[in-house]
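Written below as structure tokens is the structure these notes are about.
Treat the numbers as computed from the prediction; the structure is a model and nothing was measured.
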Amino acid sequence: MRSKITFAELAAKKAAGEPIVMVTAYDHPSAQIADAAGVDVVLVGDSAAMTVLGYESTVPVTVDEMLMLTSAVRRGLSTALLVADLPFGSYEASDQLAVATAQRFVKTTGCDAVKIERGGTSVDRARAIVAAGIAVVGHVGLTPQTAATLGGYRSQGRTADEALAVCRSALALQEAGCFAVVFEAIPSDVTEAVMPLMRVPVIGIGAGPAADGQVLVFHDLLGIYGGRPARFVKQYADLRSAMIEGVTAYGDDVRTRRYPEPEHGYSMAAEESTRLRALLADL
Ligand code: KIV
């Protein structure tokens with residue numbers, strides 16, 4: 001039996017050089033699976049917009065949608081630390097908005113922390129949320145909420161100047177009080193170069209092996225999501241095919257009357273059945 005993961009334990013893992021395992025989850029069963037697999041941190045990512053809600057990008061997902069998903073995940077977790085993504089448009093405009101949204105997430109869902117994207121003004125937002133007593137994860141490199149301004153879903157920091165900007169954002173988020181920072185889709189060299197300056201855990205996704213931990217999207221790593229996976233995805237199962245196979249077999253059984261079989265039905269005493277037929281005949 002594991003006890004609930006704490007922020008101190010994540011820091012201790014970094015100090016001990018023990019990799020931190022993070023995965024996304026978006027509902028009760030995926031949360032239970034992540035917990036049973038012993039992951040350290042579960043992120044209700046706004047990637048939910050695409051993986052479970054069918055939007056084209058993370059931009060349209062709403063606070064209410066993320067609150068519902070995060071609450072379902074909370075109910076499925078007993079040990080992993082729960083982080084919720086604040087969706088696009090729910091925190092950027094002011095510190096007040098950021099704090100109010102973060103408080104709503106903590107109060108409504110019971111999440112342990114929130115995550116926000118980008119450096120720049122998000123550094124102030126992170127500082128304000130931390131000052132309000134809520135733990136924050138930063139996110140730099142490819143930040144999907146503002147991918148349009150980054151030239152689309154492509155790796156970031158591939159020149160020294162661009163990489164320096166990514167590193168500056170990460171360091172600023174660390175100074176603002178973030179307890180961890182996600183590095184997404186940046187050269188492994190960039191992560192390796194900045195790691196000596198990072199005192200808080202760095203969780204990589206397409207950021208190379210030097211990070212303190214790794215995060216992948218649940219639907220990507222299990223092969224549930226139908227889209228083309230990003231370069232950094234390693235697929236550990238092909239559940240989409242298994243699920244299609246299962247539902248197809250069910251459909252075949254229904255069409256050929258192989259399902260349901262006697263063991264899938266309920267029985268009734270013979271005399272009750274006889275009496276029912278007599279009653280129906282009198283209708
Ligand atoms: O939304 C998400 O799933 C994320 C991870 C990819 C880090 O932000």
Side-chain angles (χ1 to χ4, degrees), residues 1-7 10 20-91 98-117 129 134-137 139 144-145 179-180 182 184 203 205 213-227 233 235-237 239-240 242-244 246-247:
M1 282 290 283
R2 292 204 318 164
S3 53
K4 198 172 177 318
I5 303 283
T6 62
F7 298 111
L10 295 183
I20 295 166
V21 182
M22 176 162 156
V23 71
T24 67
Y26 312 106
D27 57 16
H28 191 256
S30 57
Q32 287 186 319
I33 289 164
D35 227 31
V39 310
D40 301 310
V41 185
V42 165
L43 168 69
V44 184
D46 58 359
S47 49
M50 290 133 93
T51 53
V52 298
L53 297 178
Y55 293 121
E56 290 276 310
S57 76
T58 61
V59 169
V61 71
T62 66
V63 166
D64 286 339
E65 287 166 333
M66 288 297 294
L67 288 173
M68 192 194 69
L69 300 176
T70 309
S71 298
V73 170
R74 171 78 289 162
R75 292 189 287 271
L77 289 186
S78 48
T79 59
L81 199 96
L82 174 57
V83 180
D85 251 342
L86 300 192
F88 179 69
S90 73
Y91 62 90
V99 171
T101 306
Q103 286 172 336
R104 199 167 159 213
F105 268 79
V106 172
K107 280 171 85 96
T108 312
T109 71
C111 64
D112 301 302
V114 298
K115 179 166 82 60
I116 62 177
E117 292 190 3
I129 299 170
I134 296 171
V136 180
V137 178
H139 184 156
Q145 293 178 1
F179 77 91
V182 169
E184 179 165 355
I203 312 295
I205 174 163
Q214 302 291 328
V215 55
L216 277 179
V217 165
F218 188 87
H219 287 55
D220 286 341
L221 83 91
L222 292 178
I224 302 173
Y225 188 57
V233 171
Q235 202 179 304
Y236 290 85
L239 296 195
R240 188 180 176 84
M243 287 194 271
I244 292 172
V247 178

Under 3.5 Å, side chain of Asp27 to main-chain N/O of Ala72, donor-acceptor pair present? no
Name all pairs fulfilling the salt bridge (Lys or Arg N to Asp or Glu O under 4.0 Å) condition that reach into residues 38-53, sequence neighbours left out, sorted by first residue then second. Arg2-Asp40, Lys13-Asp40
Take Ile129 and Val114 through the test side-chain contact (heavy atoms from CB on, under 4.5 Å) and record every step on the way to the result. CA-CA 9 Å; Ile129 299 170; Val114 298; 4.2 Å; yes
Identify, with sequence neighbours excluded, every residue that meets side chain to side chain donor-acceptor pair (under 3.5 Å) alongside Glu117. none
Is there a side-chain contact between Ser3 and Thr79, using heavy atoms and a 4.5 Å cut-off? no
Can you tell me how far CD1 of Ile5 sits from CD1 of Ile20, rounded to the nearest 0.5 angstrom? 9.5 Å
In this structure, CG of Leu86 is separated from NE2 of His139 (nearest 0.5 Å) by 13.0 Å
Pairs touching residues 70-81 that satisfy salt bridge (Lys or Arg N to Asp or Glu O under 4.0 Å), sequence neighbours left out: Arg74-Asp112
Are Phe218 and Thr51 side-chain neighbours, meaning at least one heavy-atom pair lies under 4.5 Å? no
Partners of Ile244 by side-chain contact (heavy atoms from CB on, under 4.5 Å), sequence neighbours excluded? Arg240, Thr248
Can you confirm whether Val52 sits close enough to Leu69 that some side-chain heavy atom of one is under 4.5 Å from a side-chain heavy atom of the other? yes
Which one of Ser47, Pro87, Ser90 satisfies the side chain to side chain contact (heavy atoms under 4.5 Å, CB included) criterion with Val61? Pro87
OG1/Thr109 to CG/Leu67 distance, rounded to the nearest 0.5 angstrom? 6.5 Å
Residue pairs, two or more places apart or on separate chains, that pass salt bridge (Lys or Arg N to Asp or Glu O under 4.0 Å) and touch residues 81-91: Asp85-Lys115
Among residues at least two apart in sequence or on other chains, which ones pass side-chain contact (heavy atoms from CB on, under 4.5 Å) with Ala237? Leu222, Leu239
Residues Asp64 and Arg104 bridged, charged N to O under 4.0 Å: yes
If I take atom CD1 from residue Ile205 and atom CG from residue Leu43, how far apart are they, to the nearest 0.5 angstrom? 9.0 Å
Nearest heavy-atom neighbours spanning Met66 and Ala48: SD-CB, 4.5 Å
Partners meeting side chain to side chain donor-acceptor pair (under 3.5 Å) with Glu65 (sequence neighbours left out): Tyr55, Thr62
For Gln214, what residues pass the side-chain contact (heavy atoms from CB on, under 4.5 Å) criterion, not counting sequence neighbours? Ala211
Is the shortest side-chain heavy-atom distance between Val42 and Asp35 below 4.5 Å? no
Using the test side chain to side chain donor-acceptor pair (under 3.5 Å), find all partners of Thr24 that sit at least two apart in sequence or belong to another chain. Tyr26
Find the distance between CG (Leu221) and OH (Tyr236) and round it off to the nearest 0.5 Å. 7.5 Å
Nearest-0.5 Å distance, OG of residue Ser57 to CE of residue Met50: 6.5 Å
His219 meets the side chain to side chain donor-acceptor pair (under 3.5 Å) criterion, sequence neighbours left out, with none
Within a strict 4.5 Å, meaning less than it, do heavy atoms of the Phe105 and Thr70 side chains meet? yes
Of all residues at least two apart in sequence or in a different chain, which pass the side-chain contact (heavy atoms from CB on, under 4.5 Å) check with Ala135? Phe7, Ala113, Phe179
